[in-house]
Every structure is written in structure tokens, then in C-alpha cells.
Amino acid sequence: MTSSKTIVLRSSDGATFEVDEAVALHSLMIKHRIETGGADSTTIDVPEVTGNTLSKVIEYCKKHVEAPNSDDLKSFDTDFVKVDQAVLCHLAKASYYMNIKGLLDLSSKTIADMFKGKTVEQIRETFHIKNDFTPEEEEELRKENSWNLFV
Amino acid sequence: MSNMKTREQPKVPCQMDMEVDRISALPGHIIDKVLSLLTLRDAVRTCILSTKWRYKWVNLTSLIFDNQSVLVSSQDPTIIKNKMVKIIDHVLLLHNGPIHKFKLSHRDLQGVCDIDRWILFLSRGSVKEFILEIWKGQRYKLPSCLYSCDKLSHLELFNCLLKPPLSFNGFKILTSLDLQHITMDQDVFEDLIYKCPLLERLTLMNFEGFAHLKIHAPKLTFFDIVGVFEDVNFENTFVLSTVSIGLYVNIGNDHELTLGTISKLIKFFASLPSIQRLEVQSFFLKFLASDMVPRRLPSACLDLNYLSLRINFNEMDECLAALCILRSSPCLLELELLARPDEEPVPKVAAKNLQEEDYQNCFFTQLRFIKIAGIFGVPRETNFISFLLANSPMLERMTVKPASQDGGWELLKELLRFRRASVHAEIIYLDP
């Protein structure tokens, strides 16, 4: 087993990416596919992830596999998630489907931090969440008291 | 219908940030994860965001009720209690799915009997981590249903009283136990440890009701104890690698030496063949030195790489005990000596000094770091330091921090003078 073996990952929109096997194995989903796929599994389909996101995911895996102990890993991670919400959510989903714990933790934490210190209105605004409660539903929610207990 | 970005500036550097609510559509597992990173308060409050969010929080697997998640503006204990009971009852009733971690640690809550009810609820599920800290009031007596939480892997109790029922069979998969300010009987304690065969970490701090520590724990790797006890017996602790022991009571100087018994020091180390990190705090070294102290241990502590000793340099037995341990630890990398001042106001007049031969055959081939603190610069202390410096050829750094400024100059002058076996050694004097 040479260390220069490469795997090709194919995204949902047909984009292909050639990566070192070690980098690809950072995704436990891919690891499982390789281990159970037999000797000919050099191209792995990742239909849940688009090309743009897959490219970023690979960038993350490369850094974490090739330089796991580097001093700038933390700042790499911090900068890595300085992206808009769409990309952030795509990364979270991709890391979940591809079973990459570090990236899932990182993206989840980034999303969680966007909740903190905000009022309900501010949270709705940040994430573009529409308040779709009908008056009856609002009344029921108020009676249920979950909100009031924690004010 | 769609909001084109031509009218607004994007909030983040990206061109295609359409005002789409993406977060509400994230897979449940991701939402669970995000909510678990918020305080319980913030997580529950998401119920009001939209109809989709109304019951996202109820799947939380980790419920933490503390001062951050439950805000009570009053200081009145009754009001606090009423609010907390209301909140916890509410959360548990609306909750859906497994609860893996439950923590109750609110600084203003006393031990209320509602806790029994909550533990009963948890015992019907499969709670893995249970943390209960009663910050005010007397020891809280835990209900018997706690002892039937057989899926527990981590149990942490503060200010509680443990009295399991006779039918208690142990926590079969418990790996971590942390008991602080607790009361339990001697047999309950021994039984508890014995019946948790997978225990890996044990922390005991300030306990009442038992004084003999019999630790039978074949999988134990970490042990941290501070309190008042009469003896400690490790049985079948062959993988125990990190130990910190602090004995809070001064055992006094007139103990009988019973002939024929194995010295405490030998017995202690014989039962810890895998010890890597050892901290001996308050009076425990005095305890270990209280009967016969050999010159060296029968078998060397080959894995010991970190040693911290709280030592009274005026007590010859303690110094001899320290030297015995040092002589038997050829692989020691880091040593910390914290001076404990004399207990009596007037030091003993006839206290013996260590002789040249006491220091012999003690060579530190691996020792790299030494920390000394709390000393006064008296000969008994400086002789020890001199001995350490002369026998550590690999030493990189020694830091010395005296107890007070008095005699600081004298100490510095002495330190400067000492011969060092290691040409690379830095000696750093820290202000007290």
C-alpha cells in the first residue's frame, strides 16, 4: 500500500477531485466505502455534496491530515468558517453526511455562536427565519410557558 | 417573492447570499448538535422562532440546569426553589427522547425533595452522566432509585449522602466517579468501588463516614483524593498511573512502630507498579514515612516520570522517605518539592540533620525540571537543593520560589554557589 495512492471523489454535479487516499480517509463515510467497496473503489460518488462544497471539504481534510500539529491549525479553522451562511450550512451538512467529526464540530459551533447574545428578533433576522405562528398557535405557545419560564 | 440582493449590502463577503432560511432545514442531528452547544435557556427559547422550531429543543440529549441556564433574579430561597422546580418539571415533561446527561448545579438551590422525583424519572431512562451539586444546605440524601441507573458511565456528586439499598449491585459500566463533600459508611464505600469493575477515574474530596480507603479497582488509571483518612490500601490497581493524595490531618509524631509489618512506603509503591504521575500533598508524605523507611524500594518505579511532594524539610523521616522514592525512580523527568512549614510554633531542638550517606546512590539521569517552593533558605533545604543540582546531569531548569522575601538575598547567594552537574541548567529565582 503506497502512500501516494489517490482517490477520485465525484460530487453531485459531476465535478471530480483527485485526493490522496490519506486525505480522503479523514471522512469516515469514504473510509467505510473504500473498505467495503473492494479493490476497484478508486472513484467514490458523493451525491449529497456539490462540487463547490466538496472542494472546501477537501481543503479542510488536507490541512488536518497533512499538518495536524501545526501552530496555525486553530487560525486556519477560524478563517475556514468565515463564510456566508449558505456555505456554512452546506459545510455542516457535508461534514455530517461524510462523517467528518472535526468539521461538523467546527461548523456547528460557528452556527451556535450566531445564536448567542441575540434577542429572538435578532436571531430571526440573522437566519432569515419567518415567524409563521398563527394567533392561535401563538396563544397556545404562550400557554405552554416554555418561553416565559426562561426569560 | 425572492429578495434580490440588489437593494441590500451583503452582510458577509459573498455575492449569492439570498435571504433564504437555510438553518431551519438542516438535518435534525445538526440542529441537535447546535442546540446542545447553547445554554439550556437559549436552546428552549428557540421554541418561539417559528413553527418549525417549536419543538426542536425537546430532543436535547444533554440537560444542564445551572446558574447560566436558569436565571432567577430573587435571592429568596423559596422563590428560587419554586422557579427551579417549575422549570425542571416543565423541561422533563416536554422533553422527548433519551437523556444522556443530566446536570443540576444551581448555586442558590438547596437540596429539595423534588430532586428525588427527577432522579426517578431519569432512572427509567438510560442516563449516562449524572451530576448533582448541592451548593447550599446540608448533605442531600440520594434516593434509592439513583442506584438503579445502570447505564451510568459518569457520576459526580457534591454535598450528598450516599446510602444505597441492600439490593444495590453496583454501576456495571461506570468509568468515572467524582465524589466531593459526601458522607457514606465504610462498607458502602468499599462496596461501591468494588462493584464498579470498569472504574477508570476516581476523585474523592472531603468525605465523612469512612476512614479506611480500600481501593479495589482493576481498571483504575486516575485517582485523586484529598481528605481525612487513616490508611489507604490499593488492591489490584495494577494500571493506576496518575495518583494524587492529600491527607489533611497531621498524624502526629508518636505512633507505635509495629515490628514485622511492611513499611507503609514499600506497601504503597508495591501496589502501584504502573505509577507515572504522583502528587503527595499535605501530610501524606509524613504518613508514608511514619514507620520504617528503607533506603530504596524493593522494585524501582520505572514508569514514574512526574513527582510532586509536599515535604517538611525539618522532618528527617520525610526527607529520608523522599530520598527513598527518588532513589527508586530512575526515569523521573519532573520533580516538584513544596515545603510545608513546621506545625508547632517552636521547632524541635533536637531535630536530626541528613548526613552525607543519606544522599548517596541517588542519581537522576533523566530529570529535566525541578520546582521548589515555600522554602526559607535554611541549611536543611539548601543542602537538598545542592544535592539535586549535583546529581542531575540532564537538568534544563530549576525554579526556586521562597516563602517570603526574608533571607532572599542569602538564598540567592547560595544558589549561585552550588555546583551543577548540568551545564545547561537554568536556575530561576521567583519572587514570593
Side-chain angles (χ1 to χ4, degrees), chain A residues 48 52 56 79 81-97 99 101 103-134 136-138 140-151, chain B residues 2-3 5 10-55 57-58 65 68-73 83-91 93-95:
Chain A
E48 301 96 348
N52 284 338
K56 271 211 82 107
D79 291 338
V81 283
K82 281 186 182 151
V83 291
D84 68 50
Q85 267 183 50
V87 176
L88 187 58
C89 288
H90 286 315
L91 282 174
K93 281 192 280 188
S95 60
Y96 172 66
Y97 289 124
N99 201 342
K101 185 176 188 303
L103 185 55
L104 181 59
D105 288 347
L106 179 62
S107 38
S108 305
K109 180 159 193 316
T110 310
I111 297 174
D113 286 343
M114 291 163 79
F115 276 83
K116 293 179 184 169
K118 290 195 168 88
T119 64
V120 167
E121 261 318 308
Q122 287 167 339
I123 296 177
R124 283 202 190 112
E125 206 184 298
T126 303
F127 295 111
H128 317 301
I129 299 175
K130 189 170 183 310
N131 178 0
D132 57 352
F133 284 109
T134 65
E136 292 82 23
E137 284 167 339
E138 266 206 39
E140 205 181 273
L141 186 61
R142 194 190 61 77
K143 277 201 297 185
E144 188 187 274
N145 212 20
S146 298
W147 167 259
N148 287 327
L149 278 177
F150 281 93
V151 153
Chain B
S2 61
N3 303 304
K5 291 310 282 176
K11 298 184 188 67
V12 288
C14 178
Q15 300 82 13
M16 296 300 290
D17 187 10
M18 309 281 283
E19 285 181 7
V20 172
D21 174 8
R22 297 175 193 282
I23 192 171
S24 304
L26 283 175
H29 275 111
I30 300 182
I31 296 292
D32 288 349
K33 209 170 161 65
V34 169
L35 289 178
S36 73
L37 294 168
L38 304 175
T39 64
L40 185 62
R41 179 173 176 268
D42 285 344
V44 173
R45 281 153 55 91
T46 60
C47 67
I48 209 175
L49 288 173
S50 76
T51 54
K52 275 217 185 86
W53 281 88
R54 185 166 169 191
Y55 293 120
W57 71 267
V58 304
F65 299 96
Q68 280 179 307
S69 49
V70 180
L71 303 179
V72 187
S73 45
K83 181 152 190 199
M84 286 224 64
V85 170
K86 227 165 143 188
I87 284 177
I88 299 178
D89 278 343
H90 181 92
V91 167
L93 204 58
L94 262 72
H95 188 271

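Here is how names work: the chains are called A, B, and so on, in the same order as the sequence lines, proteins then strands, and each is numbered from 1. Nothing here was measured: the structure is a model prediction, and the numbers come from that model. Keep in mind that the numbers below use all heavy atoms, side chains included, and drop hydrogens, waters and symmetry copies.
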(message) Determine whether Glu144(A) and Arg54(B) satisfy the following criterion, salt bridge (Lys or Arg N to Asp or Glu O under 4.0 Å), listing intermediate values before the conclusion.
(response) CA-CA 11 Å; Glu144(A) 188 187 274; Arg54(B) 185 166 169 191; 3.1 Å; yes
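No part of Ser36(B) comes within reach of chain A, as not one of its non-hydrogen atoms sits under 4.5 angstrom from that chain. Contact annotation for Phe127(A): both backbone and side-chain heavy atoms come within less than 4.5 Å of a heavy atom of chain B. For chain B, the nearby part of Lys130(A) is the backbone; its heavy atoms alone come within less than 4.5 Å. Looking at Leu94(B), the atoms closer than 4.5 Å to chain A (heavy atoms on both sides) all sit in the side chain, from C-beta outward. Of the two parts of Leu104(A), the backbone and the side chain both hold a non-hydrogen atom closer than 4.5 Å to a non-hydrogen atom of chain B. Of the atoms belonging to Asn148(A), not a single heavy atom falls under 4.5 Å from chain B. Using a 4.5 Å cut-off between heavy atoms, Val72(B) does not touch chain A at all. Neither the backbone nor the side chain of Glu121(A) comes within contact range of chain B, judged by heavy atoms closer than 4.5 Å. Contacts of Ser24(B) with chain A are made by side-chain atoms alone, with heavy-atom separations under 4.5 Å and no backbone atom involved.
Judged by distance alone, with hydrogens and angles left aside, the side-chain atoms of Gln85(A) form a donor-acceptor pair with the main-chain N or O of Thr126(A) at under 3.5 Å. Checking side-chain atoms of Lys83(B) against main-chain N and O of Leu71(B) turns up a donor-acceptor pair under 3.5 Å.
The line from CG of Asp89(B) to CE of Met84(B) is 10.5 Å long, rounded to the nearest 0.5 Å. Once rounded to the nearest 0.5 Å, the distance linking CG of Leu37(B) with CG of Asp32(B) reads 11.0 Å.
Of the listed residues (Thr51(B), Val91(B), Val70(B)), the greatest number of heavy-atom pairs within a distance under 4.5 Å of chain A belongs to Thr51(B). If you tally non-hydrogen atom pairs under 4.5 Å between each of Leu40(B), Asp42(B), Leu38(B) and chain A, the highest count goes to Leu38(B). Contacts with chain B were tallied for Leu141(A), Asn131(A), Asn145(A); Leu141(A) has the most, counting heavy-atom pairs under 4.5 Å. Comparing Val44(B), Thr39(B), Leu26(B), Ile48(B) by how many heavy-atom pairs each has under 4.5 Å with chain A, the most go to Ile48(B).
Contact check for Trp53(B) versus Ile123(A): no side-chain heavy atoms found under the 4.5 Å cut-off.
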